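Only one structure is covered here, and it is reproduced in the block below.
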Amino acid sequence: MTRYNAKETEIKWQRAWDDAACFAVTEDRSNPKYYVLEMFPYPSGRIHMGHVRNYTIGDVIARYKRARGFNVLHPMGWDAFGLPAENAAIEKKVPPGDWTYENIAIMRDQLKTMGLSLDWSREIATCHPGYYRHEQKMFLDFLKAGLVYRKESWVNWDPVDHTVLANEQVIDGRGWRSNALVEKRKLPQWVFKITEFADDLLDDLQTLERWPEKVRVMQHNWIGRSEGARVRFPFTEPGATATESEIKVFTTRPDTLFGASFCALSPNHPLATDFCGRDEKAAAFVAECNRLGTSEEAIEKAEKLGYDTGLKVRHPLAPEIELPVFIANFVLMEYGTGAIFGCPAHDQRDLDFARKYDLNVTPVVLPPQADPAEFTVGSEAYVGDGSIFNSRFLDGLGVEEAKRRVIEELESLKAGTGTVQFRLRDWGVSRQRYWGCPIPVIHCDDCGVVPVPESSLPVELPTDVSFDKPGNPLDHHPTWKHTNCPSCGKAAQRETDTFDTFTESSWYFARFCSPRSENAMDRQAVDYWLPVDQYIGGVEHAVLHLLYSRFFTRALKRCGYLDLEEPFEGLFTQGMVCHETYQDDAGNWLQPTDLRRDDAGNPVTASGKPVSIGRSIKMSKSKKNTIDPTEIIGTYGADTARWFMLSDSPPERDMEWTEAGVEGAWRFVQRLWRLITEDVASLPAAGSAAPASLGAGAADMRRTTHKTITDVTDAIEQFRFNRAVAKLYELTNGLTSSSGTGADMLWARREAFEVLVRLFGPMMPHLAEELWQRLGHDTLLVDQPWPVAESSLIKEETLTLPVQVNGKLRATITVPLDETEDAIRTAALAEPGVQRAIDGKEIRKFIIVKNRVVNIVV
RNA sequence: GCCCCCGUGGCGGAAUUGGUAGACGCGGCAGACUCAAAAUCUGUUGCCUUCACGGGCGUGCCUGUUCGAGUCAGGCCGGGGGCACCA
């Protein structure tokens with residue numbers, strides 16, 4: 001008996017697929033297309049189990065669809081710009097480009113050992129000028145189309161590293177790496193106008209039927225559409241401020257306008273800035289507000305604070321009412337107009353603020369059944385529905401009606417307008433980084449911001465950069481940024497900021513359609529391949545990457561690159577790969593490979609110290625609970641790793657990687673190998689005609705085989721791979737225990753083997769290919785069509801019917817399909833278990849659900 | 001605080017969408033083979049009760065709808081995720 005040699009076999013078939021160029025595709029219109037895409041990896045240096053899970057799922061779909069006759073595009077590339085390359089440059093003195101391309105080479109080899117059905121001829125790396133030059137062109141086109149603009153915005157500035165930090169990189173108000181106190185600074189930033197499509201991006205979520213509901217909800221919340229009104233509050237004194245004669249506020253509750261008791265400005269509001277110029281204490285207050293970070297934690301703890309400017313505004317619908325104007329720390333400049341009116345009775349924040357500064361609290365919404373003479377608001381604002389009171393012409397109206405009525409009134413008085421506000425903000429893409437796509441503009445003292453002419457693209461990154469100084473190496477480079485203005489020819493400077501790396505991943509799926517084209521994308525290629533039929537990746541990209549890609553697709557359409565709105569027709573978000581964690585008695589994390597078992601079977605360190613086992617969490621370097629996929633593939637082969645990935649856990653859920661689980665998968669690989677190779681000699685030759693008639697045993701086997709085709713096909717279609725795996729186990733178990741040497745039986749057995757091999761082919765492609773050959777075929781299994789179940793075989797002739805008495809199972813009877821009710825009744829009553837349960841009681845009802853269940857009510 | 005998802009054996013999970021709860025795998029137990037072990041194979045494995053036949057209980061908890069509920073409805077409890085001074 002030979003053991004299956006995974007290592008040799010896998011390499012052999014990978015070469016065979018490669019030699020036959022099985023997975024290289026063109027725009028072949030004789031077959032329907034199917035585009036399978038997994039989120040491309042960042043070339044960090046090694047693949048991890050998350051990649052293995054992601055690409056295994058994608059490969060099952062790609063191979064399955066291919067077998068179903070689709071022309072399948074299944075490409076792979078590298079999301080190659082990013083901060084880790086710069087960190088490596090600083091720590092290891094390796095240029096970021098070299099580091100990245102080396103990592104790509106390593107990871108490409110690692111991925112190839114998985115046996116994925118990828119069209120490697122389409123490989124792309126986003127850090128290659130052949131890729132990012134098109135992105136620069138897109139930027140210029142977006143600029144022309146008004147989809148990009150430049151804006152002063154507040155950023156987290158690290159004064160030591162001289163760079164902008166993302167919110168996630170600010171920890172307790174300090175830079176994550178420099179540990180310096182982060183400052184808020186106003187810097188000019190390039191911004192993509194994603195809000196241009198806010199309504200479309202929201203409305204079209206409804207068309208994404210093959211997206212997880214969860215992701216659609218998250219995007220829905222992120223876009224955050226609110227209907228309300230902009231209302232103008234004029235200052236009581238015309239010269240109150242130098243710039244404006246009024247405060248514009250946004251509210252979703254115009255119905256509570258008569259409950260207003262103050263207005264508040266964001267500390268960053270232009271009016272506040274203006275006022276601070278004349279009031280030192282106000283300036284000190286604003287400085288204090290800016291010092292507090294924007295982290296959730298800081299916000300949570302911060303008390304609601306305000307500074308009374310002493311200015312007053314008039315109520316827009318009741319000019320005799322004057323309201324004080326505060327600068328308040330809880331008003332955000334980024335949302336609405338950066339100013340609010342406060343209605344303490346019906347908003348908790350406003351109420352807290354009003355109590356602190358002793359402002360009026362006038363209720364204007366009366367809860368149902370409440371007495372208007374009695375109702376007051378204490379420490380809790382009333383935010384529910386009700387009827388309006390204390391509000392002049394609105395009295396007696398419901399909340400919704402009052403909103404409409406107020407907006408009408410405001411509009412007729414030109415004191416405000418009904419409006420829609422989004423939470424979604426435009427996408428700032430400027431990063432003070434080296435390892436990203438250069439933003440193709442030039443700053444000229446005379447001409448201002450001048451786009452780089454298309455003929456001068458790409459603006460390539462210099463390779464001779466130094467990371468010795470803090471800040472952006474592009475800025476320090478002796479020559480790179482110095483150039484001439486394309487407009488007037490005078491000496492000018494290049495933009496040294498680069499794009500946010502989410503930019504590259506916002507259109508790579510389109511580049512795969514024509515990866516070597518001189519254009520960003522060939523129209524006939526994207527028209528043929530897009531949209532991506534099935535996109536697969538982690539749920540952590542539910543909002544940013546997926547939303548940016550949806551934006552980019554719309555922007556590209558507007559600029560004539562392609563003609564569709566939604567890039568991803570189907571989306572599947574897979575769960576994380578988890579593993580137990582281990583700590584020694586000092587609390588140090590231990591790697592799974594650092595453990596051994598003592599005589600009692602308890603885990604101990606190499607030196608024999610006790611180890612505590614922690615709960616299973618996502619594999620991460622910091623907790624040291626990672627398993628290296630290359631080691632697993634080296635030991636067990638890719639098929640075993642793939643099979644285990646698909647077994648047990650549903651793919652959308654987190655799974656736990658266990659040694660026992662891998663070994664179980666490995667045993668199954670060996671079992672399949674033995675089952676088929678040991679038996680093949682006794683079987684009729686491949687392609688033998690079916691015997692004239694089949695005995696009961698052979699017919700039974702055929703029924704099981706064809707039922708399995710249906711079950712596995714359905715399971716794969718529904719991404720229920722764990723169920724597909726279970727059905728394949730069942731078929732295998734059945735074949736292991738079946739016997740019989742008749743010609744009909746052996747013929748049915750060959751059929752079962754061939755079906756089995758073809759069904760697990762997408763999951764364990766190398767083993768399947770090898771067994772297909774050993775079954776006597778000289779074709780490649782990957783070129784075989786998916787098996788089709790013969791529906792006539794699947795139909796059962798008899799079925800087992802449960803018999804209940806008062807809803808409790810008492811017996812089962814075996815009856816022919818579609819048996820008459822009378823016969824079922826007789827058979828059911830003949831069961832001793834049924835008789836015992838009836839126990840001579842009167843039968844009140846006899847329920848027979850056809851081919852389902854029998855229930856006797858006594 | 002708001003929105004969403006999930007609670008089934010020792011464990012991962014099935015259950016044709018209201019019709020035999022626990023498929024399949026892992027683990028455990030018993031046995032076969034073996035000088036022995038590994039590997040492999042066979043049987044068994046929700047809980048309680050009974051010598052046995054059998055009986056009772058059981059899908060987080062409580063109510064309800066139904067001939068029949070893991071599945072539907074209402075209310076709790078627990079876990080997870082997303083958003084959040086968003087006006």
Side-chain angles (χ1 to χ4, degrees), chain A residues 1 3 212-222 224 226 228 249-254 256 264 266 294 296 298-300 302-304 328-332 334-343 346-350 352-353 383 421-425 539-540 542-543 616 643-644 647-650 652-656 658-665 667-668 670-671 674 711 714 720 722-733 736-737 800-813 832-833 836-837 844-858:
Chain A
M1 178 173 89
R3 256 162 98 88
E213 178 66 17
K214 180 170 68 166
V215 175
R216 288 188 294 181
V217 167
M218 281 161 71
Q219 292 213 356
H220 187 273
N221 293 340
W222 186 267
S226 321
V249 308
F250 173 73
T251 179
T252 56
R253 294 297 303 273
T256 64
S266 163
T294 51
E296 281 180 34
I299 287 162
E300 199 95 21
E303 196 185 352
K304 290 177 187 27
N329 65 346
F330 65 91
V331 182
L332 303 174
E334 295 80 14
Y335 186 76
T337 58
I340 60 159
F341 83 79
C343 175
H346 305 292
D347 182 285
Q348 191 59 45
R349 266 174 331 209
D350 296 348
D352 294 345
F353 191 79
V383 295
Q421 184 67 44
F422 291 93
R423 207 194 73 101
L424 181 71
R425 289 169 213 164
V539 74
E540 67 272 19
V543 176
S616 183
W643 185 255
F644 177 49
S647 315
D648 295 353
S649 294
E652 70 279 7
R653 244 187 261 185
D654 289 352
M655 68 168 291
E656 192 182 353
T658 61
E659 189 69 13
V662 192
E663 282 178 359
R667 274 201 297 275
F668 184 62
Q670 295 297 344
R671 237 180 95 199
R674 277 196 311 272
D711 290 344
D714 290 350
R720 303 178 67 176
N722 54 322
R723 241 175 78 95
V725 164
K727 292 295 173 191
L728 290 168
Y729 268 113
E730 280 184 63
L731 179 60
T732 308
N733 291 345
T736 306
S737 55
T800 311
L801 219 50
V803 183
Q804 302 174 336
V805 178
N806 287 346
K808 283 195 173 145
L809 182 73
R810 295 299 171 184
T812 57
I813 53 176
R836 238 192 330 270
R844 290 223 297 232
K845 227 171 178 182
F846 213 108
I847 296 160
I848 298 175
V849 183
K850 200 174 170 197
N851 296 339
R852 265 283 148 77
V853 74
V854 179
N855 192 11
I856 303 166
V857 186
V858 299

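Here the structure is a predicted model, which is why all the values come from computation and not from measurement.
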Using a 4.0 Å heavy-atom cut-off across all strands, classify [X] as base, sugar-phosphate, or nothing.
{"X": "A/Asp350", "value": "nothing"}
{"X": "A/Arg723", "value": "sugar-phosphate"}
{"X": "A/Thr658", "value": "nothing"}

Where the side chain of A/Thr252 meets the backbone of A/Gly228, is there a donor-acceptor pair that is under 3.5 Å apart?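 No; zero donor-acceptor contacts below 3.5 Å.
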Does B/U59 adopt a syn or an anti glycosidic conformation, taking syn as a chi angle within 90° of 0?
->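 Base orientation: anti.
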What pairs of donor and acceptor atoms, side-chain ones from residues 847-858 of chain A against any protein atom, are under 3.5 angstrom apart with sequence neighbours left out?
unit_1, atom_1, unit_2, atom_2, d
A/Asn851, OD1, A/Asp818, N, 3.4
A/Asn851, ND2, A/Asp818, OD1, 3.1
A/Asn855, OD1, A/Gly807, N, 3.0

Using atom [atom1] of each nucleotide, how far apart are [N] and [M] to the nearest Å?
{"N": "B/G43", "M": "B/G55", "atom1": "P", "answer": "26 Å"}
{"N": "B/A73", "M": "B/G19", "atom1": "P", "answer": "15 Å"}
{"N": "B/C57", "M": "B/A69", "atom1": "P", "answer": "13 Å"}
{"N": "B/G80", "M": "B/G27", "atom1": "P", "answer": "29 Å"}

Does A/Arg836 have a side-chain nitrogen or oxygen under 4.0 Å from the phosphate oxygens OP1 or OP2 of B/G55?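 A/Arg836 to B/G55 OP1/OP2: side-chain N or O found under 4.0 Å.
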Identify the nucleotide, in any strand shown, that forms a Watson-Crick or G-U wobble pair with [N], with both distances under 3.5 Å; if there is none, say none.
{"N": "B/G68", "value": "none"}
{"N": "B/U42", "value": "B/A30"}
{"N": "B/G1", "value": "B/C83"}

| request: Could you pull out the closest heavy-atom pair between A/Asp654 and A/Ser649, with the gap in Å? | output: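 Taking A/Asp654 first and A/Ser649 second, the nearest heavy atoms are O-OG, 4.0 Å.
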Notebook entry, point to check: Listed in order of residue number, which residues of residues 850-858 of chain A have a non-hydrogen atom at under 4.0 Å from RNA chain B?
Noted result: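 Of all residues in residues 850-858 of chain A, the ones placing a heavy atom under 4.0 Å from RNA chain B are A/Arg852, A/Val853, A/Asn855, A/Val857.
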- [ ] Among B/U20, B/C86, B/C24, find the nucleotide with the atom closest to the side chain of A/Arg425.
- [x]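 Of the candidates, B/C86 comes closest.
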Can you tell me if A/Asn733 and A/Arg671 form a side-chain donor-acceptor pair at under 3.5 Å?
->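 Side-chain D/A pair, A/Asn733 to A/Arg671: present.
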Can you give me the N/O atom pairs linking the protein to nucleotides 78-81 of chain B at distances under 3.5 Å, or say none if there are none?
none

Could you list, one pair per line, each protein nitrogen or oxygen that sits under 3.5 Å from a nitrogen or oxygen of nucleotides 57-61 of chain B, together with the distance?
unit_1, atom_1, unit_2, atom_2, d
B/C57, OP2, A/Lys808, NZ, 3.4

Nucleotide N/O of nucleotides 11-13 of chain B paired with protein N/O under 3.5 Å:
unit_1, atom_1, unit_2, atom_2, d
B/G12, O2', A/Ser649, OG, 3.0
B/G12, N2, A/Asp648, OD1, 3.0
B/G13, O3', A/Asn722, ND2, 3.4

task: Apply ring-ring contact (aromatic ring centres under 6.0 Å, His included) to A/Phe353 and list each qualifying residue two or more places apart in sequence or on a separate chain.
output: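 Residues passing ring-ring contact (aromatic ring centres under 6.0 Å, His included) with A/Phe353: A/Phe262, A/Phe326, A/Phe330, A/Tyr357.
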